[in-house]
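Everything below concerns the one structure shown next.
Numbers here are sequence positions counted from 1. Just so it is clear, the structure is predicted and the values come from calculations on it, not from any experiment.
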Amino acid sequence: MSKVVPFSCKLFLVAIAIKLCTSTAYNVVDFGAQGDGKTDSTSSFLKAWNAACNSVVPAAVMIVPKGTFLVKSISFTGPCKSNMKLLIRGTLIAPNDYRFLGSNEFWIMFYQVNELSIFGGTLNAKGSSLWSCKSGGNNCPYGARSISFQSCNNVLVSGLKSFNSQRVHISINGCWNMFLQKLKIVAPSRSPNTDGIHIESSTSITISNSNIGTGDDCISIGPGSMKLRMDKISCGPGHGISIGSLGRNTMEHGVQDVNVTNSIFVKTENGVRVKSWPRASDGYAKNLLFKNLIMKNVSNPIIIDQDYCPHQSCSPKNSGVTVSQVRFENIKGTSWSQKAVTLRCSSTNPCRGIELKNIDLAYINHLKKPTLSDCENARGFCAGFVFPKGCL
């Protein structure tokens, strides 16, 4: 796999290193936090953040030392007077009672914070009790995202670990220029709606060198997102990397310029997927590249699904979302299902500019049944070696 790091990313990381040498530190323990795993440290974390955020220095560092810190729902709000660094050496845990977080949209929120860097740290949202509540058909809260970035710019997240989120682990909304690297995100395969990373209405987001295994999409991309790069992602268990679902609303921004490269999918429900609801919409997905991917016993390695209806209660309509200029290149491995390639496009708005190039996907029981591809209303072409035989 390529070892090249984008030049802009190198400059960003060098700038961070220089600023760390001219910084002022704010340790949460000095503000009353206790790393005993029992004492509520929420107010102490907030006091430390406010002191750092309002300090007039080149860079302020908020430090969470080794220990286990109990934190309830908290919002770190900007803009700040200095560049902010959050150095986490310990573990943040949620309360045992899921109701403390469950009715909130988030557990930890960063709102309107620019020039932010987060290094290290472990988050444990203890989501299993809420999942059990939901599986029992009880009246349960919706659940909180573990960490949310809302309207933040120039953000680096490196080395963060997130376990057992009630819902989405990392949410990115309305952000610009973010680098996320060396992440570890874990939840059981049957945990509901525990997407690893969800991106929406954001531009210039890079995710690299990360391991993600959850009960939903490893990475999901919502409307209004563009210039996204995902490289060297290990995905599984989960539902793969998904663009969408799109077309939920009639008037909706599109998704464009997305690259997923040099990644591996292991026993996931899908590999790389584009999905849209079967309803009228002016949304779109275009200029998508899925390249140099390995599939290991993946149920749907390559799939475009414009008839996405997870609850089987949709009216029989066609998707209005336009899907165009999508390239699948150098994708190899094994398919858990007989259909290794599925391109199910809208009959009234066919997919255009679809390319399959150097594809080698074999059904795990190919000695008994042939490996298949299935195309509906898809326009494009095949290049190089393509197996199963292209249906374009």
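- Salt-bridge annotation for Arg229 and Asp231: absent, with no side-chain N of the basic residue lying under 4.0 Å from a carboxylate O of the acidic one.
- In this structure a side-chain-to-backbone donor-acceptor pair under 3.5 Å is missing from Asn292 to Thr261.
- Aromatic ring pairs are classed by plane angle as parallel below 30°, tilted from 30° to 60° and perpendicular above 60°; the pair Tyr26 and Phe31 is tilted.
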Could you pull out all donor-acceptor pairs under 3.5 Å where a side-chain atom in residues 55-76 meets a protein atom, sequence neighbours excluded?
residue, atom, partner, partner atom, Å
Ser55, OG, Ala52, O, 2.6
Ser73, OG, Phe106, O, 3.2
Ser75, OG, Thr77, OG1, 3.3

*May I have the step-by-step check of side-chain hydrogen bond (donor to acceptor under 3.5 Å, both in side chains) for His169 and Ser146, ending in yes or no?*
CA-CA 5 Å; His169 285 255; Ser146 280; 4.9 Å; no

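- Between the side chain of Gln166 and the backbone N or O of Ala144 there is at least one donor-acceptor pair closer than 3.5 Å.
- Counting only distance, with no hydrogens or angles, the side chain of Ser319 and the backbone of Pro278 share no donor-acceptor pair below 3.5 Å.
- Counting only distance, with no hydrogens or angles, the side chain of Glu252 and the backbone of Gly247 share a donor-acceptor pair below 3.5 Å.
- Ionic pairing of Asp217 and Arg273 is present here: one or more N-O contacts between side-chain nitrogen and carboxylate oxygen are shorter than 4.0 angstrom.
- A distance-only check finds no donor-acceptor pair linking the side chain of Asp216 to the backbone of Thr194 [under 3.5 Å].
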_Quick one, Glu269 with Ser299, criterion side-chain hydrogen bond (donor to acceptor under 3.5 Å, both in side chains). Give me CA distance, side-chain angles, the key distance, then yes/no._
CA-CA 5 Å; Glu269 185 175 298; Ser299 293; over 6 Å; no

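- Listed by first and then second residue, the side-chain hydrogen bond (donor to acceptor under 3.5 Å, both in side chains) pairs that reach into residues 352-361 are Asn330-Asn358, sequence neighbours excluded.
- Residue pairs meeting the disulfide (SG to SG under 2.5 Å) criterion with at least one member in residues 232-297, sequence neighbours excluded, are Cys218-Cys235.
- Side-chain atoms of Thr268 come within 3.5 Å of backbone atoms of Asn270 as a donor-acceptor pair (strictly under, hydrogens ignored).
- A donor-acceptor pair under 3.5 Å is absent between the side-chain atoms of Thr371 and the main chain of Ala362, judged by distance alone.
- Taking a cutoff of 4.0 Å between a charged side-chain nitrogen and a carboxylate oxygen, Glu105 and Arg167 qualify as a salt bridge.
- Proximity of a side-chain donor or acceptor of Arg279 to a complementary backbone N or O of Arg248 within less than 3.5 Å is detected.
- Tyr284 and Val258 fall into different hydrophobic clusters, where Ile, Leu, Val, Met, Phe, Trp and Tyr side chains are chained together by heavy-atom contacts under 4.5 Å.
- Not a single donor-acceptor pair under 3.5 Å links the side chain of Ser128 to the backbone N or O of Lys126.
- Under 4.0 Å is where a charged nitrogen must lie from a carboxylate oxygen, and between Asp305 and Lys275 no such pair does.
- The SG atoms of Cys345 and Cys375 do not sit under 2.5 Å apart.
- In this structure, the side chain of Asn138 does not engage the main chain of Lys134 through any donor-acceptor pair within 3.5 Å.
- Contact between Leu392 and Ala378 at its shortest, heavy atoms only, is CD2-CB, 3.7 Å.
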